[in-house]
4 protein chains.
Amino acid sequence: MSVNKVILVGNVGKDPEVRHLDSGVAVANFPLATSESYTAKNGERVTTTEWHNIVLWRGLADVAEKYVTKGRQLYIEGRIRTRSYDDKDGNKRYITEIYGDSMQMLGTKADNQGGGTQSSQASQQASTPTFNEPEIEEPAGDDDLPF
Amino acid sequence: MSVNKVILVGNVGKDPEVRHLDSGVAVANFPLATSESYTAKNGERVTTTEWHNIVLWRGLADVAEKYVTKGRQLYIEGRIRTRSYDDKDGNKRYITEIYGDSMQMLGTKADNQGGGTQSSQASQQASTPTFNEPEIEEPAGDDDLPF
Amino acid sequence: MSVNKVILVGNVGKDPEVRHLDSGVAVANFPLATSESYTAKNGERVTTTEWHNIVLWRGLADVAEKYVTKGRQLYIEGRIRTRSYDDKDGNKRYITEIYGDSMQMLGTKADNQGGGTQSSQASQQASTPTFNEPEIEEPAGDDDLPF
Amino acid sequence: MSVNKVILVGNVGKDPEVRHLDSGVAVANFPLATSESYTAKNGERVTTTEWHNIVLWRGLADVAEKYVTKGRQLYIEGRIRTRSYDDKDGNKRYITEIYGDSMQMLGTKADNQGGGTQSSQASQQASTPTFNEPEIEEPAGDDDLPF
DNA sequence: TTTT
DNA sequence: TTTT
């Protein structure tokens, strides 16, 4: 029917917060910054930063919990989702989030080690793999398309 | 530094509103719907619709004014931008918009004519061209890269 | 590790050819045209067409067999794959193909009916759904979705 | 009319070769590797590498000449272009290339310095900016297109 | 507020 | 070999 796709390369603003729903499903939240620079009319170089609310589910949330840390450069592919909630005064408010379907750690080991040891299995792998969210609509054995 | 890219294919919810700033710059706003379907646990087919606030500037706003109409299927490539404003009670609120950098009319003439005549120059062209926003950072003669 | 992503909106050049491997896996092949227009120095409008070799596997190949026809406007998301083969003179040759991971029929019913009847279940539905390739690496069984 | 978009994140295979056409236009060529890993039926982890022929024009070619080096991780956004040429036996052959419209250096300074000094103006800045190709359709003076 |  |  349609396409709702977001591609971001940016830097993590804070370590992820990871919650576990009653169902056991993990959800991770963290801000990701992208920035744009342009030269204003007066010749000055201006940089603006955009903050994206990243939401990751299940396996990707687990990955985030293990490998995503403040400052890290990430590639995120996902979709836009705006949801409403009631604020403390009972007013309806909206928040737009990016549900990540795929994530990449960017940069090489050097960037991503902090104090970690080079031989750490985790930190070594953190610099490489792509992580994909299995698509929710596609059950195992999806050959019997419902349309 | 980073990438902030959105790709949408969806349907226009309302005819665009086009304003002209004091500077003469045109701005168009309209909602675009994307929808997602999946099969719930109980086997029911569920469709959710996401509404995107599209903002187009300058030439793209002019194009929107001429060719974009309610119901039309569009391809939009752009970037996410969240801005704040004060609501009527003086509270700070946020709205996330998609600034379009490129736009495509999708479908063929048949879709896009309504009651219009086939020979109408406008409706005929409406079904084809791609429109690109010249990049604001890139003035004429951009060879003197600032780095 | 990396990202290899292609997004195409174009027109199908020929009806798909669908083969079934010994394993039973279906594979569909068809050409997709994208075109670009620009104004040449002499003021003439020039259009160039690019042909993409689309390859779809399994469920997407089945969908292509049923719904994709010459002339149809499609959205394809996938990845680039170059493979080598030996031509009839024993020379190694290369061909670049687009492996589709997701496909969209674009336009509305009007476009996609040809001479077909409006009540045809198939052609009517053909104008809407998104089809996704389940990712091969992702095992079965992550069904406890929280939404 | 259509969309022909490629998004790559990968590693540069060789230092760019930069040529200057008679018109003075710069062209850079280099290979970029993306890799995919998946678990085969037998449980083994398999990695396949895809090589992309990157072509950059004008300002982007200049940037490539200065900052792009073997091993570097890059984000490239562009389009697919297949062209034919005659091989040494007079046979027509095809090659598919990625014309880059936008490029990002990924990773942080640490990755990209090799033995270089941190204070090097070039290498320091190399880790950040986005570079965009002014769109060819857009007049304002970059008219001597080689194609 | 769209589309199927 | 498509589409406008």
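Sequence lines set the chain letters: A, B, ... in the order given, protein chains first and strands last, and positions in each chain run from 1.
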Between [atom2] of [N] and [atom1] of [X], the distance in whole Å:
{"X": "B:Gln73", "N": "E:dT4", "atom1": "CD", "atom2": "C1'", "value": "10 Å"}
{"X": "C:Asp15", "N": "F:dT1", "atom1": "CG", "atom2": "P", "value": "13 Å"}
{"X": "C:Ile76", "N": "F:dT3", "atom1": "CD1", "atom2": "C1'", "value": "16 Å"}
{"X": "B:Glu50", "N": "E:dT4", "atom1": "CD", "atom2": "P", "value": "20 Å"}
{"X": "B:Leu74", "N": "E:dT1", "atom1": "CG", "atom2": "C1'", "value": "14 Å"}
{"X": "B:Leu106", "N": "F:dT2", "atom1": "CG", "atom2": "C1'", "value": "15 Å"}
{"X": "C:Phe30", "N": "F:dT2", "atom1": "CZ", "atom2": "P", "value": "15 Å"}
{"X": "B:Gln104", "N": "F:dT4", "atom1": "CD", "atom2": "P", "value": "13 Å"}

(message) Quick check, does C:Trp51 stack with F:dT1? I mean ring centres under 5.5 Å and planes off by under 30°.
(response)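 Yes, C:Trp51 stacks on the base of F:dT1, since the ring centres sit under 5.5 Å apart and the planes are within 30°.
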
(message) Can you pull out every salt bridge (charged side-chain N to carboxylate O under 4.0 Å, His left out) where at least one residue sits in residues 3-14 of chain B? Sequence neighbours excluded, please.
(response)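 Listed once each, the pairs are B:Lys5-B:Glu77, B:Lys5-D:Glu77.
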
(message) Just to be sure I understand the rule, does C:Thr34 reach a base, reach only the sugar-phosphate, or reach nothing, if contact means heavy atoms closer than 4.0 Å?
(response)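 No contact.
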
(request) Mind checking side-chain contact (heavy atoms from CB on, under 4.5 Å) for B:Asn29 and listing every partner two or more places apart, or none if nothing turns up? (result)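 Testing B:Asn29 for side-chain contact (heavy atoms from CB on, under 4.5 Å), a comparison that skips the adjacent residues, returns B:Arg19, B:Val27, B:Val55, B:Glu97.
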
(message) From C-beta outward on C:Ala33, which listed nucleotide comes closest to its side chain: F:dT2, E:dT1, F:dT1?
(response)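 Looking only at side-chain atoms, C:Ala33 lies closest to F:dT2.
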
(request) With the side chain of B:Lys14 defined as its heavy atoms from C-beta on, choose the nearest nucleotide among E:dT2, F:dT3, E:dT1. (result)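 Taking heavy atoms from C-beta onward, the closest nucleotide is E:dT1.
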
(message) Set out, in order, the CA-CA distance, both residues' side-chain angles and the distance that settles side-chain contact (heavy atoms from CB on, under 4.5 Å) for A:Thr34 and B:Val3, then state yes or no.
(response) CA-CA 6 Å; A:Thr34 58; B:Val3 175; over 6 Å; no

(request) Look at B:Asp101 together with B:Arg79 and state whether they make a salt bridge at an N to O cut-off of under 4.0 Å. (result)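 Between B:Arg79 and B:Asp101 there is a salt bridge, with a charged N closer than 4.0 Å to a carboxylate O.
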
